[in-house]
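Protein chains get the first letters and strands the later ones, always in sequence-line order, with residue 1 at the start of each. What you see is a predicted model, and the numbers here were worked out from it, not measured in a lab.
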2 protein chains.
Amino acid sequence: MPEFDLQNFLPFRLSRLSYEVSNRMAEIYSDQFDIGIPEWRILATLAAKKQCTAKAIVASTRTHKSTISRGVARLTENGWIEQISSRQDKRQHLLQLTDTGKSKFGEIKPLVEKFEKDLRAKLSSEAIGQLTAGIGALEKILELGSAESLKEK
Amino acid sequence: MPEFDLQNFLPFRLSRLSYEVSNRMAEIYSDQFDIGIPEWRILATLAAKKQCTAKAIVASTRTHKSTISRGVARLTENGWIEQISSRQDKRQHLLQLTDTGKSKFGEIKPLVEKFEKDLRAKLSSEAIGQLTAGIGALEKILELGSAESLKEK
DNA sequence: GTAGATTGGTTGCAATTGAAACCAAATATA
DNA sequence: TATATTTGGTTTCAATTGCAACCAATCTAC
């Protein structure tokens with residue numbers, strides 16, 4: 001008769017947590033603006049990097065390449081982002097926010113930042129430190145390190 | 001020109017982390033046994049509680065009720081779990097592992113436990129403590145507390 | 001009791017997803 | 001230079017998902 005303590009099992013706790021956080025946050029922008037999680041990630045990445053290719057977004061967000069491809073297509077249709085054909089390599093397109101995109105992202109950003117701020121506000125500063133350090137350590141061993149160390153999935 | 005530091009944004013880091021961990025773990029059992037994440041959760045919950053209803057699994061795993069419903073159907077077809085009609089309330093069925101289910105889960109469990117153990121082994125004991133405490137704190141404020149405090153989504 | 005609301009669970013449907021096949025451009029090998 | 005391999009990205013297809021409508025059993029209010 002196999003026992004199992006699911007409630008204390010790390011992978012499970014992580015996934016439940018992330019599901020909850022992502023969904024609560026997605027409520028904020030998916031209603032008011034018509035975008036989903038992949039689009040949000042693309043926008044945020046482009047806001048951070050100013051310009052980059054789809055591949056770079058795939059690597060840094062660890063989202064499936066077809067999901068990013070479709071997100072890019074949708075955002076391009078909506079006029080939030082645009083492609084600058086880099087003449088170096090005609091396979092890849094450099095992406096960047098359009099003025100509309102910047103403006104829209106400018107609206108979403110404070111909402112999302114407020115969400116995270118509210119979350120942090122409910123935690124003790126000790127807990128925040130622990131969480132950040134713990135996540136950082138886990139990222140490191142999973143080679144999810146900050147940005148560039150990421151390999152294609 | 002909106003800046004945004006996605007790489008340090010908590011919700012994003014959590015989701016990337018959880019995605020990575022869940023997928024690596026799912027590789028372990030989805031190949032050898034023919035089950036997905038929902039099935040795994042149902043099995044683990046039943047192994048922990050011995051008997052419970054689908055509703056209880058929904059609450060404790062925070063997985064959508066239709067997902068659990070379908071998972072239960074699949075596992076029942078495969079003969080891994082069975083329903084005991086509780087004569088109290090004819091809407092709900094008490095679920096439990098069959099002998100086959102127990103045996104199969106008994107095979108999966110050590111693999112999955114090894115996965116978590118290997119993960120922990122790569123972390124310093126300080127990091128483990130931080131991670132656990134941090135996650136616990138976040139669970140608390142999201143009311144993801146252990147088990148019973150969970151409300152229907 | 002009976003009408004109405006609630007609850008546990010299922011199902012139909014549309015949307016999202018990931019894997020794999022694919023395409024065109026670029027690079028390596030010959 | 002021709003050929004093969006790799007690479008960035010798209011698309012097709014099947015599977016999974018979540019929402020909403022639904023069903024049957026229970027509970028509530030009259």
**Message:** Judged by each residue's nearest nucleotide on DNA chain C, which is more toward the 5′ side, D89(A) or I37(A)?
**Reply:**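 Result: I37(A).
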Take atom [atom1] of [X] and atom [atom2] of [N], then tell me their distance rounded to the nearest Å.
| X | N | atom1 | atom2 | answer |
| --- | --- | --- | --- | --- |
| I57(B) | dG8(C) | CD1 | P | 14 Å |
| H64(B) | dA14(C) | NE2 | C1' | 14 Å |
| Q92(B) | dC27(D) | CD | P | 10 Å |
| E27(B) | dA19(C) | CD | P | 9 Å |
| L75(B) | dT10(C) | CG | C1' | 16 Å |
| I68(A) | dT11(D) | CD1 | C1' | 16 Å |
| R41(B) | dT17(D) | CZ | P | 10 Å |
| R91(A) | dT10(D) | CZ | P | 13 Å |

Of all the nucleotides listed ([options]), which has the minimum atom distance to the side chain of [X]?
| X | options | value |
| --- | --- | --- |
| S66(B) | dG18(D), dA19(C), dG8(D) | dG18(D) |
| K65(B) | dG9(D), dT11(D), dG9(C) | dG9(C) |
| K90(A) | dA25(C), dG18(C), dT11(C) | dA25(C) |

**Message:** Counting the atoms with a prime plus P, OP1 and OP2 as sugar-phosphate, which does Q88(B) contact under 4.0 Å by heavy atoms, base, sugar-phosphate, or nothing?
**Reply:**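 The residue Q88(B) makes sugar-phosphate contact but no base contact.
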**Asked** What's the spacing between I57(A) CD1 and T63(A) OG1 if we round to 0.5 Å?
**Response**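 Spacing of CD1 (I57(A)) from OG1 (T63(A)) equals 9.5 Å.
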Look at the side-chain N and O atoms of [X] and state whether any lies under 4.0 Å from the OP1 or OP2 oxygen of [N].
| X | N | answer |
| --- | --- | --- |
| T67(A) | dG18(C) | yes |
| S69(B) | dT11(C) | no |
| Y19(A) | dT17(D) | no |

**Asked** side chain to side chain donor-acceptor pair (under 3.5 Å) between S15(B) and R41(A): does it pass, once the steps are laid out?
**Response** CA-CA 11 Å; S15(B) 103; R41(A) 289 184 182 171; 2.5 Å; yes
**Message:** Would you call the rings of W40(B) and F105(B) parallel, tilted or perpendicular, taking 30° and 60° as the class edges?
**Reply:**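 The arrangement is parallel - the two ring planes meet at less than 30°.
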**Prompt:** Any idea which heavy atoms bring E116(A) and L10(B) closest together, and the distance?
**Reply:**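 Result for this residue pair: OE2-N, 3.1 Å.
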**Prompt:** Looking at dG9(D), does its base get a donor-acceptor pair with the side chain of R70(A) below 3.5 Å?
**Reply:**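 Check fails, no donor-acceptor contact within cut-off.
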**Item:** Side chain to side chain, Q7(B) and F12(B), heavy atoms closer than 4.5 Å
**Value:**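 Yes - at least one pair of side-chain heavy atoms lies under 4.5 Å apart.
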